[in-house]
Amino acid sequence: MKTITARFTREDPDWVVELADEPRVHSFGRTLARARAMILDAAAIWYEIDVKELELVGIYEVGAATPNVDGALRARRAAAEADQIASAATQRTVGELVDSGLSLRDIADMFEISHQRVHQLASGV
């Protein structure tokens with residue numbers, strides 16, 4: 001997976017987008033979704049890889065709100081990463097607790113999740 005960073009700027013009525021590390025790769029779109037799709041296609045051609053091998057990180061320049069957008073997106077990315085770490089730790093620990101003889105209901109109460117979810121985690125689902 002190759003991570004690319006793209007800078008999106010609103011130039012009414014379009015979104016103009018360019019790669020942060022390679023400004024020669026740029027595109028535009030009427031909507032943000034279209035601009036995102038176009039820059040992914042352009043980056044795939046530039047780097048000679050499949051679009052599915054690209055992960056896009058956006059920088060959105062939207063005037064005075066830009067710092068707030070950046071902060072919110074950083075917080076969301078950090079939360080998603082923390083969630084993945086917590087999920088892996090929970091699955092690992094549930095297995096250990098089941099092996100030690102704790103009931104599914106006690107484990108569920110400990111982690112504040114349903115006993116059905118504990119069963120799924122213990123089964124590797």
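One-based numbering along the sequence shown.
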In chain order, what residues pass the salt bridge (charged side-chain N to carboxylate O under 4.0 Å, His left out) check against E22, with sequence neighbours excluded?
R24

Who are the salt bridge (charged side-chain N to carboxylate O under 4.0 Å, His left out) partners of D14, not counting sequence neighbours?
R30

What's the separation between atom [atom1] in [X] and atom [atom2] in [Y], rounded to the nearest 0.5 Å?
X    : Y    : atom1 : atom2 : value
Y47  : E53  : OH    : CD    : 13.5 Å
L54  : I4   : CG    : CD1   : 5.0 Å
R77  : R74  : CZ    : CZ    : 8.5 Å
S114 : H119 : OG    : NE2   : 11.5 Å
W46  : H26  : CH2   : NE2   : 9.0 Å
F111 : D106 : CZ    : CG    : 12.0 Å

More than 12 heavy atoms of other groups within 6.0 Å of Q116 CD:
yes

Atom CZ of R105: over 12 foreign heavy atoms under 6.0 Å:
no

Do [X] and [Y] sit in one hydrophobic cluster, given that two such residues count as connected whenever their side-chain heavy atoms are within less than 4.5 Å of each other, even indirectly?
X    : Y    : answer
L73  : W15  : yes
I45  : V51  : no
I113 : L104 : yes
I49  : L19  : yes
F28  : V17  : no

Let me check something: any side-chain donor-acceptor pairs from residues 34-44 under 3.5 Å, sequence neighbours excluded? List them with distances.
residue, atom, partner, partner atom, Å
R36, NH2, Y60, OH, 3.2

Can you name the nearest heavy-atom pair linking P23 to A20, along with the distance?
CD-O, 4.4 Å

When every non-hydrogen atom of L56 is compared with those of A6, the smallest separation belongs to CD1-CB, 3.6 Å

pair [X]-[Y]: side-chain heavy atoms closer than 4.5 Å:
X   : Y   : result
E18 : T9  : no
E61 : R7  : yes
V94 : V98 : yes

Let's go through L97 and M110 carefully: what are the C-alpha distance in whole Å and the side-chain angles of both, what is the deciding distance for side chain to side chain contact (heavy atoms under 4.5 Å, CB included) to 0.1 Å, and is it a yes or a no?
CA-CA 11 Å; L97 293 172; M110 185 183 301; 3.8 Å; yes

Using the side-chain contact (heavy atoms from CB on, under 4.5 Å) rule, pick out the option among V62, N68, V69 that qualifies with T66.
V62

Mark yes or no for whether S87, through its side chain, and Q84, through its backbone, hold a donor-acceptor pair below 3.5 Å.
no

